[in-house]
Amino acid sequence: MTTHSNTPAGWYPDPHGAAQTLRYWDGAQWTSHTHQDQQGAVQAPPVQQAPQMPQQSAGPDARVQRQVQQQAGVTGGGAGGGTLFSEPVLVVNQKAKLIELTNEYKVMDQNGNQLGSVSQVGQSAFRKIVRFFYSIDQFMKIKLEIRDAHGQPVMLLTRPGKIFKSRVIVERPDGSPVGEIVQQNMIGKINFALMVNGQKVGAIKAENWRAWNFAIVDHTENEVARITKTWEGLAKTMFTTADNYVLQIHYQLPEPLLSLVVATALTVDTALKQDARGFG
């Protein structure tokens with residue numbers, strides 16, 4: 001298998017030449033995970049050719065920069081690799097809707113360049129009708145598909161139906177497990193455990209009882225990342241359930257901890273912020 005150490009993780013044309021097939025590159029080597037190219041327009045490159053990344057926007061987005069620097073207090077994040085798994089700062093903004101029947105998010109870097117998106121999948125028409133009339137969605141099963149800048153799935157988050165505490169199952173697109181993010185308590189400062197094969201590899205810890213900002217630590221209690229909820233504006237707060245978050249990753253993390261950390265901001269929103277609203 002070819003190695004391109006400077007190529008970010010993501011879905012690329014299969015280097016083995018399989019027609020209309022994308023293979024997942026984990027940042028260090030080609031994996032066994034493949035995905036059918038739905039558009040059928042991408043031709044497999046020669047084995048030694050590094051895949052091309054999509055072009056980013058011409059200039060930074062001032063609104064996102066204010067969100068990162070002024071609201072979240074993140075400065076000097078440094079340049080990243082241009083993917084969901086190689087950027088030091090991820091901005092996760094939920095799409096604002098007066099009537100929300102499907103959860104959708106946009107994921108950007110610290111300058112507003114889109115790195116991917118998140119969409120709720122697997123909802124039936126009946127489920128959407130129930131969601132329109134009743135606020136019981138927080139108790140029902142939720143599935144979120146995380147997609148890269150090419151629109152290809154890179155992770156699937158599943159929160160089974162719950163009464164009190166939430167549990168989020170994190171998987172690769174082919175169904176192979178990454179780990180779980182498990183809510184530990186309901187009263188006081190909310191904590192989540194990051195679990196892999198039954199072993200705790202880290203935790204998400206709320207810094208106050210309102211559970212707005214979180215520190216993410218590894219198994220040694222060393223902080224490796226931070227989630228900051230940023231104010232979405234008066235109109236959004238009053239009339240929608242949309243929330244905005246900034247995830248700052250302090251340094252490059254090993255797998256599967258990296259994938260779990262990338263999933264954390266969505267887990268916090270799905271587990272807690274879809275259940276209740278507040279002004280601060």
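What you see below is based on every heavy atom in this structure, not just the backbone, and it leaves out hydrogens, waters and symmetry mates.
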> Is it true that E223 and K205 make a salt bridge, defined as a side-chain N closer than 4.0 Å to a carboxylate O?
Replying inline: no
* Are the side chains of L115 and D148 in touch, meaning some heavy atoms are under 4.5 Å apart? -> no
_With heavy-atom distances below 4.5 Å as the criterion, would you say the side chains of V74 and Q69 are in contact?_
no
Could you check whether any side-chain heavy atom of N111 comes within less than 4.5 Å of a side-chain heavy atom of V64, counting everything from C-beta outward? no
d(N213 CG, I227 CD1) to nearest 0.5 Å is 9.5 Å
* To do: Decide yes or no for V91 and D109: does some side-chain heavy atom of the first lie under 4.5 Å from some side-chain heavy atom of the second?
  => no
With distance as the sole test, does N244 use its side chain to make a donor-acceptor pair with the main-chain N or O of K229 at under 3.5 Å? no
Quiz prompt | Exam field: side chain E87 to backbone F85, donor-acceptor pair closer than 3.5 Å | solution = no
Rounded to the nearest 0.5 Å, the CG atom of L157 sits from the OG1 atom of T264 at a distance of 10.0 Å
Next on the checklist: Apply side-chain contact (heavy atoms from CB on, under 4.5 Å) to residues V154 and L84 and explain how you reach the verdict.
Outcome noted: CA-CA 9 Å; V154 294; L84 293 169; 4.0 Å; yes
Sequence neighbours left out, cut at 3.5 Å: what donor-acceptor pairs do the side chains of residues 192-200 make with other protein atoms?
none

Worksheet item: Would you call E171 and T158 a side-chain contact if the rule is heavy atoms closer than 4.5 Å?
Response: yes
Separation between CE (M108) and CD (Q114), nearest 0.5 Å, reads 7.5 Å
So NZ of K106 and OG of S117: to nearest 0.5 Å the spacing works out to 10.0 Å
In short, P173 meets P153 closest at the heavy-atom pair CG-O, 3.2 Å
Please tell me whether I169 and V262 are part of a single hydrophobic cluster in this structure, the criterion being side-chain heavy atoms less than 4.5 Å apart.
no
**Prompt:** Are the side chains of I216 and L247 in touch, meaning some heavy atoms are under 4.5 Å apart?
**Reply:** yes
Note to self: Whether E180 and R167 form a salt bridge (side-chain N of Lys/Arg under 4.0 Å from carboxylate O of Asp/Glu) is what I want to check.
What the structure shows: yes
The reported gap from CG in L144 to CG in L156 (rounded to nearest 0.5 angstrom) is 8.0 Å
Between E255 and R172, does any NZ, NE, NH1 or NH2 come within less than 4.0 Å of an OD or OE carboxylate oxygen?
yes
Would you mind checking if E145 and R147 are paired as a salt bridge, meaning a charged N to carboxylate O distance below 4.0 Å? yes
Using side-chain heavy atoms (C-beta onward) and a distance below 4.5 Å, is L253 in contact with V261? yes
M155 and S259 have their tightest heavy-atom pair at CE-O, 3.5 Å
inquiry  = Please evaluate residues N191 and I204 with respect to the criterion side-chain contact (heavy atoms from CB on, under 4.5 Å), reporting the C-alpha separation (whole Å), side-chain torsions for both, the decisive distance (0.1 Å), and the verdict.
reply    = CA-CA 6 Å; N191 291 334; I204 311 172; over 6 Å; no
- Task: Answer yes or no: is there a donor N or O on one side and an acceptor on the other, between the side chain of S86 and the main chain of T83, under 3.5 Å?
- Result: yes
Is V217 reachable from L260 through a run of hydrophobic residues whose side-chain heavy atoms are each under 4.5 Å from the next? no
Quiz item: For K165, does its backbone N or O pair with a side-chain atom of Q183 as donor and acceptor, under 3.5 Å?
Solution: no
Note to self: With a 6.0 Å cut-off (strictly less than), is the heavy-atom count around NE2 of H250, excluding the residue itself, greater than 12?
What the structure shows: yes
So T228 and Y245, do their side chains get closer than 4.5 Å, heavy atoms only? no
Grouping I, L, V, M, F, W and Y whenever their side-chain heavy atoms are under 4.5 Å apart, do M186 and V182 come out in a common cluster?
no
Review point. Are T220 and N222 linked by a side-chain donor-acceptor pair shorter than 3.5 Å?
Key: no
Between the CD atom in Q65 and the CD atom in Q110, the distance rounded to the nearest 0.5 Å is 8.5 Å
Worksheet entry | Main-chain N/O of H150 paired with W11 side-chain donor or acceptor, under 3.5 Å | no
When every non-hydrogen atom of L22 is compared with those of P13, the smallest separation belongs to CD2-N, 3.7 Å
Given I249 and V224, is the side-chain contact (heavy atoms from CB on, under 4.5 Å) satisfied, shown in steps? CA-CA 6 Å; I249 303 175; V224 298; over 6 Å; no
